[in-house]
Amino acid sequence: MLFVVDFDGTLSVCDTVDAMLEKFADPSWKQIEQEWLDGHITAVQCMQKQLQMVKADHLTLENFFRSIQLDATFLPFHKHVSQFAKVAVVSDGLDHAIHVAMKNAAFPELPIYANKLHFVPDGIDMSWPHKNPNCNAGNGVCKCKVAQDLSGGEKPVILIGDGKSDACLAKSADIVFAKGSLIKYCETNNIPHFKFQTFADVLTKVKTWPQKISHYTLSA
Ligand SMILES: [Mg+2]
Ligand SMILES: [Zn+2]
């Protein structure tokens with residue numbers, strides 16, 4: 001059993017990248033965001049343009065990453081599921097920001113798959129170690145590919161997410177926990193899903209599952 005956990009808006013209370021842009025970039029970052037949401041540019045093109053707009057020094061950004069608020073109910077969730085499942089954080093955000101935020105909150109050390117952040121003078125840049133040209137979603141991190149590699153085909157793969165970057169895996173995951181815009185996506189595409197707000201909700205549901213899940217019947 002593998003839990004693929006999204007970071008921004010799922011493990012973190014707010015979207016880190018949006019919050020960073022709000023604080024350190026020209027307000028026109030929102031127009032670029034809209035172009036991505038409307039499907040005119042890919043997530044990679046969107047982030048490339050947006051990150052160039054970030055104007056802040058290294059120390060200021062590190063302090064910002066430390067201020068990222070996480071969902072504390074993840075801790076009892078992780079304590080329970082780590083007895084029988086693999087858990088990985090898979091995010092189309094920035095790896096270093098996630099590492100710093102999780103370390104600062106004294107969260108367990110989990111495998112993190114995200115875009116690679118590089119500091120440049122007075123700003124940041126990024127590279128894409130988990131990009132997949134074969135996936136139509138055009139994300140920096142292809143969650144369907146990462147999940148496939150991590151699970152080695154073993155089932156079930158369980159996605160916990162909230163947004164557009166979770167869409168490619170929502171199609172192939174065995175079980176989906178959704179909040180935010182991912183709910184609408186699942187409804188539009190007839191993908192069965194459980195709605196959640198925090199990891200406390202996810203834990204409550206997981207505890208109702210039989211020890212060995214052989215059929216992924218959903219009763220949301
Ligand atoms: Mg998210
Ligand atoms: Zn994909």
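In listed order, ligands and their atoms are each counted from 1. Because the structure is predicted, anything quoted here is derived from the model rather than measured.
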Residue D149 excluded, over 12 heavy atoms near CG under 6.0 Å: yes

So, is D92 placed with an N/O/S atom under 2.8 Å from the Mg ion (ligand 1), counting both backbone and side chain? no

F119-H96 aromatic ring centre distance below 6.0 Å: yes

Within the stated cut-off of 2.8 Å, is an N/O/S atom of D8 closer than that to the Mg ion (ligand 1)? yes

Measure from NZ or CZ of K164 to the centre of the six-membered ring of W36, then state whether that distance is under 6.0 Å and the direction lies within 45° of the axis. yes

Angle subtended at the Zn ion (ligand 2) by SG of C142 and SG of C168, nearest 10°: 120°

Could you tell me whether a side-chain N or O of Q45 sits under 3.5 Å from a main-chain N or O of T42, the two making a donor and an acceptor? yes

Under 2.8 Å from the Mg ion (ligand 1), can any N, O or S atom of D6 be found? yes

Checking distances from the Mg ion (ligand 1), one finds that the N, O or S atom of D162 closest to it is OD1

With a 4.5 Å limit on heavy-atom distance, are the side chains of N139 and K131 in contact? no

